[in-house]
**Student:** 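Before we start, here is the structure in question, set down as structure tokens.
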Amino acid sequence: WTKVMQVRVRAGHRERIVSLVAHPGRHSMRPLLDSDGREVAVEPGSVLFTDMLAKVLQVQPGDSVIAEPLVGDRTPRKLRLSGTVSELIALWIHMTGDDFADWLGTAGLVTGAVLHVDPQQLERVQDELLKMPQVASASRKELIIEEFRKQQGETMGTFSFVLTLFAVTIAVSVVYNNARVALSLRGRELASLRVLGFTRGEISSVLIGELAVQVLVGVPFGLWFGRLLVAGMLAANDPESFRFPANVSAHSFAVAALVTVLASIASALLVRRKLDQLDLVEVLKTRE
């Protein structure tokens with residue numbers, strides 16, 4: 001069973017409408033999980049706020065707030081915050097079922113039930129539940145997750161594709177432009193080396209070697225700065241509905257480094273082609 005009630009919680013002039021969840025004394029199929037996926041025990045006498053809720057209300061453990069139930073007896077009551085828990089979705093208040101009954105002054109209140117159903121009987125069980133007049137709605141976790149991924153996943157996928165396309169374009173442009181500028185600045189020196197007997201491969205190694213050193217030094221710094229940029233963007237936009245942790249996977253780092261290296265190789269090949277077409281006579285003419 002579950003007990004969930006909408007309450008309006010106030011702290012001074014700040015207020016939010018949130019869900020107050022009562023947890024059973026024994027282990028349930030709706031455990032309280034933190035942002036790292038670890039189960040958090042709700043001890044008797046404790047009232048846990050989502051850390052974002054505590055931040056929005058500007059309260060800390062030991063402070064009291066006013067909570068007004070939005071169903072039944074709507075008499076405002078005090079709640080004393082005893083701790084916070086880091087959750088990734090919405091704003092919640094958690095307490096034990098017994099504390100909830102004492103706080104609300106009523107016993108036997110149940111607003112929902114979590115069922116473990118045989119996968120072969122899901123459709124039949126859901127149909128039977130929907131026929132019951134006491135049941136307002138029945139949902140399945142798999143369908144909720146699928147719908148969330150369909151809506152949010154498509155949006156995030158499109159957004160990530162556009163950003164990746166821009167990132168690839170910028171990486172190629174920056175690396176190639178840097179190589180062309182280096183070739184323009186050192187064209188006379190490289191042409192002089194050719195006149196002195198250096199081969200095309202030898203003069204190419206001078207310019208491409210410089211480019212390689214710049215890339216090797218720049219990639220680690222770029223990955224580090226990108227990690228800070230992601231953390232800064234998420235910290236600046238921390239919504240109350242969903243909170244995404246700043247976790248950049250090794251795969252993302254590898255893709256970013258690979259794109260930069262491939263852009264460097266492509267730029268090196270283009271620069272090498274320009275070096276092969278270098279007009280020694282034109283380059284070595286005295287500038288007026």
Side-chain angles (χ1 to χ4, degrees), residues 1-115 129 132-141 144-145 147-148 152 237-245:
W1 55 262
T2 60
K3 299 178 182 178
V4 181
M5 174 180 289
Q6 294 292 106
V7 298
R8 177 179 286 107
V9 57
R10 296 190 183 93
H13 65 278
R14 296 171 293 274
E15 69 173 47
R16 287 293 186 276
I17 295 178
V18 301
S19 296
L20 191 157
V21 184
H23 295 265
R26 59 184 178 84
H27 178 76
S28 70
M29 288 187 289
R30 192 195 182 285
L32 173 58
L33 304 177
D34 64 11
S35 58
D36 295 323
R38 296 188 297 263
E39 184 172 352
V40 178
V42 182
E43 301 294 339
S46 65
V47 178
L48 302 180
F49 280 26
T50 302
D51 54 357
M52 178 54 64
L53 177 59
K55 178 180 178 181
V56 169
L57 298 178
Q58 297 183 17
V59 294
Q60 55 188 355
D63 294 341
S64 295
V65 299
I66 301 299
E68 175 190 347
L70 298 184
V71 295
D73 183 3
R74 303 185 61 166
T75 303
R77 300 167 173 86
K78 281 189 176 183
L79 270 180
R80 185 175 181 274
L81 171 62
S82 57
T84 62
V85 58
S86 176
E87 295 182 276
L88 299 179
I89 299 178
L91 306 175
W92 306 86
I93 299 176
H94 303 276
M95 62 171 61
T96 65
D98 293 338
D99 292 335
F100 177 77
D102 294 339
W103 177 77
L104 195 60
T106 174
L109 174 66
V110 176
T111 61
V114 181
L115 305 179
L129 289 174
M132 298 180 180
Q134 302 91 341
V135 178
S137 64
S139 58
R140 290 156 55 181
K141 181 178 68 174
I144 296 175
I145 295 175
E147 188 65 22
F148 177 83
Q152 300 296 326
N237 183 23
D238 201 359
E240 298 178 15
S241 298
F242 302 101
R243 291 170 290 281
F244 297 98

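In this text the structure is predicted, and so the values were computed from the model without any measurement. Numbering starts at 1 and runs along the sequence shown.
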**Student:** Less than 4.5 Å apart, any side-chain heavy atom of M52 and any of R16?
**Tutor:** no

**Student:** At their closest point, which heavy atom of M95 faces which heavy atom of V47, and how far apart are they?
**Tutor:** CE-CG2, 4.1 Å

**Student:** Going by atom types only, do S19 and Q6 share a side-chain donor-acceptor pair under 3.5 Å?
**Tutor:** yes

**Student:** Taking all non-hydrogen atoms of both residues, which atom of R74 and which atom of E68 are closest, and how far apart?
**Tutor:** O-CG, 3.3 Å

**Student:** Can you list the steps and then say if E87 with D51 is a side-chain contact (heavy atoms from CB on, under 4.5 Å)?
**Tutor:** CA-CA 7 Å; E87 295 182 276; D51 54 357; 5.6 Å; no

**Student:** A side-chain contact here means heavy atoms from C-beta on lying under 4.5 Å apart; do R14 and V56 qualify?
**Tutor:** no

**Student:** Taking the side chain as C-beta and beyond, is there a heavy-atom pair between L33 and V40 under 4.5 Å?
**Tutor:** no

**Student:** Check the pair E15 / V9 against side-chain contact (heavy atoms from CB on, under 4.5 Å), numbers first and verdict last.
**Tutor:** CA-CA 5 Å; E15 69 173 47; V9 57; over 6 Å; no

**Student:** Evaluate the side-chain contact (heavy atoms from CB on, under 4.5 Å) criterion for residues T84 and L48: first the C-alpha distance (whole Å), next the side-chain angles of each, then the deciding distance (0.1 Å), finally the verdict.
**Tutor:** CA-CA 5 Å; T84 62; L48 302 180; over 6 Å; no

**Student:** Side chains of F49 and V85, heavy atoms from C-beta outward: is any pair under 4.5 Å?
**Tutor:** no

**Student:** Can you sort out the partners of R77 under side-chain contact (heavy atoms from CB on, under 4.5 Å), two or more places apart, ordered by chain and number?
**Tutor:** P69, D73, T75, W103, L104

**Student:** Can L32 and E39 be said to form a side-chain contact (heavy atoms from CB on, under 4.5 Å), step by step?
**Tutor:** CA-CA 6 Å; L32 173 58; E39 184 172 352; 5.8 Å; no

**Student:** P61 and S82: which non-hydrogen atoms are nearest, and at how many Å?
**Tutor:** CB-O, 3.9 Å

**Student:** Are any non-hydrogen side-chain atoms of V21 and F100 less than 4.5 angstrom apart?
**Tutor:** no

**Student:** With a 4.5 Å limit on heavy-atom distance, are the side chains of V7 and V18 in contact?
**Tutor:** yes

**Student:** Write down the atom of A22, the atom of G97, and the distance for their closest heavy-atom approach.
**Tutor:** CB-CA, 3.9 Å

**Student:** How far apart are the closest heavy atoms of E43 and D99, and which atoms are they?
**Tutor:** O-OD2, 4.3 Å

**Student:** Tell me if a side-chain donor or acceptor on T50 pairs with a main-chain N or O of W92 at a distance below 3.5 Å.
**Tutor:** yes

**Student:** Step through the shown structure and confirm whether more than 12 heavy atoms of other residues, nucleotides or ligands are within 6.0 Å of CZ on R80.
**Tutor:** no

**Student:** Give the minimum heavy-atom separation between L53 and L91, together with the two atoms involved.
**Tutor:** N-CD2, 3.7 Å

